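Have a look at the structure below, then the notes.
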2 protein chains.
Amino acid sequence: MSNPTIRNVAKAAGVSIATVSYVLNDSRPVGEETRQRVLRAATSLGYRANVTARNLQASKTRLFGYTWRPSPPDQFNPILDRFLQAMAEAAARHGYRILTFPTITLEEELATYEEMVLIGQVDGFVLSNTNQDDPRVRSLLDIGFPFVAFGRANPDWDFPWVDVDGTAGVRQATEHLIQRGHRRIACLAWTEESLTGQFRLQGYRTAMADAGLPVDPRWTERIGNTHANAYAGARQFLSLPADIRPTAVIALTDLMAIGVINAAWDAGLEPGRDLAVVGFDDAPIARFLRPPLTTLSQPIAEVGERLVTTLVDICNERFLKERHVLLQPELIVRASSAVLDDDRVTR
Amino acid sequence: MSNPTIRNVAKAAGVSIATVSYVLNDSRPVGEETRQRVLRAATSLGYRANVTARNLQASKTRLFGYTWRPSPPDQFNPILDRFLQAMAEAAARHGYRILTFPTITLEEELATYEEMVLIGQVDGFVLSNTNQDDPRVRSLLDIGFPFVAFGRANPDWDFPWVDVDGTAGVRQATEHLIQRGHRRIACLAWTEESLTGQFRLQGYRTAMADAGLPVDPRWTERIGNTHANAYAGARQFLSLPADIRPTAVIALTDLMAIGVINAAWDAGLEPGRDLAVVGFDDAPIARFLRPPLTTLSQPIAEVGERLVTTLVDICNERFLKERHVLLQPELIVRASSAVLDDDRVTR
DNA sequence: CCCAGGGGGTTAAACGTTTAAGCGCCATGA
DNA sequence: TCATGGCGCTTAAACGTTTAACCCCCTGGG
C-alpha cells in the first residue's frame, strides 16, 4: 500500500538514513562501496523521496499558482491550451508544477492569493491578462511574494513581466495594409481601461502618422471584446459616407475580426476583397475562416517559458538577467488582407 | 518573512500547541475561555495552518493531477477552458486543487503517472480523451491508484468514469436531419481505434436504421480529426453521382464540420441551404460561423464537476453512488441544418 | 473515605525528509 | 609519542502539523 521510505532503504542497505540521503542527493561524499549498496537497495525497493516531506523540510512546494477568467460562452480563449502546456513543460524542466485554481470575483481572487500565500500552497504565481493598475499585481507586490505577469500594469511599479509588443504588432499590420494600397484604415479597439488595448491602438496611430495618413476619429471604435460589439462597430464603419468609408479594418482580436467579417458579408461585401480585415492572436480557427484571416501570432510558448523560468529564478534567489521581456508578434498574412482594388472601392 | 506557526499561536494564547490544534479543527472539546483565547490569538496573528505540514501528517496532498495532449496548430481544444475551470471549481469546494503537468509521448506520460504516485505528489488523477483499452487506465488500475476518467475504455474494466452519450447525441442529430427532409445523410467519422468515434458513429447508424433509410457505404468516411481530412472527405461526398450524393453531413467534431462547410463553399454550394452540416462540441466559434453551425453541446461543466466529486469520494473512501455516469449532449439547432429544399437537391 | 470518571489541559510521538554536529579511526607530520 | 586532520559514517534536530496517551484535579457515588 504505502511507498517505501528512506528508512526502509537504510535498513536494506545496512546504513543510517542520513547516508541514504547523502548518496541519493549526492550532497556529501560517501564511500564507494556503501554508495553502491545504497543505490542497489533504493532501486530494488523502487524508492523515490516523498515530495511532501521534502517540501516541508525545505519550506517550499515547488508549485506555481495560475488562474484565469473563464470565457463567457460567446467568447473564447485562443491561447489557454498552448500557454498552459508551455508553462507546465518549462516548469517540469525545473522540477516545478502548475497549480490551477478557480477564479470567481476579483475580491475572492485576491483573497485566494493571500490565503494560498499564508498556507504556503505555492512558491509563486503567474498572472495573466493584467490590467492598468492591476490590483493583483499591487497586492502581491505589497506582501512581497514571488510572481511574474504576462502583461504590464503600471510603468511605476517594479515587477518582472513578459509581454507581447502589441504596439509593434499592430504597427506592422497597419503598414502591411498601407503597403497593399489602403489609405482609409479603421481600428476596432478596446475600452480605455485595457492597457493592452492602449498599446495596440498606439501601434495603429503611429503607423498612420508615420505614413502621413490622416485618421478620422470615426475610424476608431472602442468596444468590449465580443463578436456582437465588433459586428455593430463594423456596421458603423461601413455606414460611413463612401469617401471616408474604411477599406480595411484592424481588429484587436480574432474574435472581433470575425465580427467584422460577418458584418461585411451581411452588408453584401466580400471580406478580403472589398474589405481587408486583420485580427490579433492567430487563434486556431483563423486559418479556416472565409477568408482565412490575416492576424498577428503571439509567441505564446515562449511567453509561457520565459515567465516560468523567470519565476524559477526568483524563487531560487538567482539574479534576473532581464526583469522585463517584450516579445515580438509575427504577422501571418492570409487572404483577408488582399491588395486594395481601386475599382471596387471607388465604385 | 515567514508565516506564523501553531507554536506562535500557542505561546500568544499561553497554551500548548495541541490545544491550539484542537480548537482550530474542533477535533476535541476545549474549555470555552481557553477556546476564545486561542481564537483571538490565531486571528490577531493571522495564522493559517501550513498545508505542507498538514499534508505530511495526513499522508495526503489534496491535489489531483490532470494532463491533456496539446492540440497541433491546425486543431483546437474546444472544451479545455470550461473543463479545467469546472474541475478547479468543484475541487476547491472540497478543499482540493488541480495540478497540471505536461504530456509528451505516451511512454513518458505513463512514467510520469507512476513517478507522481511514488513521490506522493497527488491523491488522484483525472484522465480525459481515453481510448479503447487505454494504457493509462490499465496502468492506474494495475497499481490501484485513485483516478476517474472522462470517457470509457473497455467494458470489462471496472473503473469509475463519466462520459457524454455520443450515440444518443448523434442519433438525435440524425433524426433532426431526417425530420427536416434529408434522406441521404453522410457521416464523417473517426478512425476505428477511437472508442468515442465508435459510439458516435453508432448513433448515426441506429437512427438511419430506425428510420428505415438505407446507408450507402460511401456515406461514411473514417478520418483523423483535422480540417484537411474533413475537407477532403466532404469533397468525396460531393463528388458522388447526383442520385446518391448526400444532402447532409454529420461531422463528429466542429473542426471537421468547418472542413465540410469550406468544402461546400468551394464546390459552389451554400452550406445550410444546399448542404446541411452538423458538428459536435458546440465550440465557441460554432455560433459565429457562416452559416452558424448546428452542433451537439456537451455538458462539460457537469462532466468536470461529476468527475471531481467522484474522485473526492474515492480518495475519502466514501461509497460511490454511481460509478458510471452517462450525460446527454444537447442539440443546438442553428442555420447550418436548414430544411431540405427538394428543388435544389434534385436540380 | 476512597475510588471512578470525566473535564481540561499537556507531553510527546509521528509523518518522511534534510543536514548540522559529532564520533571513531587511521594516517601523517612534528 | 602525540596532536592534527580528514575520511566515513551516525546521531539527532528540525520543518509544522495532528493526535494518542497521559496527567491533574475536581466531583459524585458507594
Side-chain angles (χ1 to χ4, degrees), chain A residues 1-39 41-42 45-63 95 116-123 316, chain B residues 1-39 41-42 45-63 95 116-123 316:
Chain A
M1 185 66 224
S2 184
N3 291 332
T5 77
I6 198 173
R7 238 168 282 272
N8 301 330
V9 179
K11 187 173 296 177
V15 296
S16 74
I17 60 168
T19 303
V20 176
S21 177
Y22 290 134
V23 168
L24 296 180
N25 301 318
D26 53 314
S27 41
R28 257 186 46 181
V30 170
E32 186 54 25
E33 194 212 356
T34 320
R35 219 179 87 81
Q36 292 301 336
R37 243 189 9 254
V38 169
L39 253 24
L45 289 173
Y47 169 79
R48 311 262 76 188
N50 178 286
V51 76
T52 308
R54 195 171 248 185
N55 288 343
L56 176 61
Q57 152 69 31
S59 317
K60 304 210 161 187
T61 62
R62 305 202 140 249
L63 256 33
M116 290 174 76
V117 169
L118 275 176
I119 68 181
Q121 188 151 49
V122 298
D123 291 353
N316 295 289
Chain B
M1 185 63 223
S2 183
N3 291 333
T5 76
I6 197 171
R7 239 167 281 273
N8 302 328
V9 179
K11 185 173 298 176
V15 296
S16 73
I17 61 167
T19 303
V20 176
S21 177
Y22 290 135
V23 168
L24 296 178
N25 301 316
D26 54 314
S27 41
R28 251 186 50 179
V30 170
E32 186 55 23
E33 195 213 355
T34 321
R35 218 179 88 81
Q36 292 301 336
R37 249 197 354 262
V38 169
L39 253 24
L45 288 173
Y47 169 80
R48 311 260 77 188
N50 178 286
V51 75
T52 308
R54 196 170 247 183
N55 289 342
L56 176 60
Q57 154 69 32
S59 316
K60 304 210 158 185
T61 63
R62 304 202 139 249
L63 255 33
M116 289 174 77
V117 170
L118 275 176
I119 67 180
Q121 188 152 48
V122 297
D123 291 352
N316 295 289

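Residue numbers start from 1 in every chain, and the chains themselves are labelled A, B, ... in the order their sequence lines are given, proteins ahead of strands. Just so it is clear, the model here is predicted, and its values are computed rather than measured.
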- Message: On a heavy-atom basis, which atom in A:M116 and which in A:V122 lie closest, and how many Å separate them?
- Response: CE-CG1, 3.8 Å
To the nearest angstrom, how far is [X] atom [atom1] from [N] atom [atom2]?
X	N	atom1	atom2	answer
B:Y22	C:dT10	OH	P	11 Å
A:N25	C:dA20	CG	C1'	15 Å
B:L118	C:dG16	CG	P	14 Å
B:R54	C:dC15	CZ	C1'	15 Å
A:L24	C:dT17	CG	P	10 Å

- If we only count heavy atoms from C-beta on, is the B:V38 to B:V15 side-chain gap below 4.5 Å? yes
Is the shortest side-chain N/O distance from [X] to OP1 or OP2 of [N] below 4.0 Å?
X	N	value
B:T5	D:dG16	no
A:T19	D:dT10	yes
B:S21	D:dT17	no

- Starting at the 5' end of DNA chain D, which residue's closest nucleotide do you reach first, B:R28 or A:I17? A:I17
- Message: Given D:dG16, D:dA12, C:dG9, identify the nucleotide with an atom nearest to the side chain of A:A18.
- Response: D:dA12
- Look at the side chain of A:A53 and decide which nucleotide, out of C:dC15, D:dG8, C:dT17, has an atom nearest to it. C:dT17
- Message: Can you see whether B:T61 engages B:D123 through a side-chain donor-acceptor pair at a distance of less than 3.5 angstrom?
- Response: yes
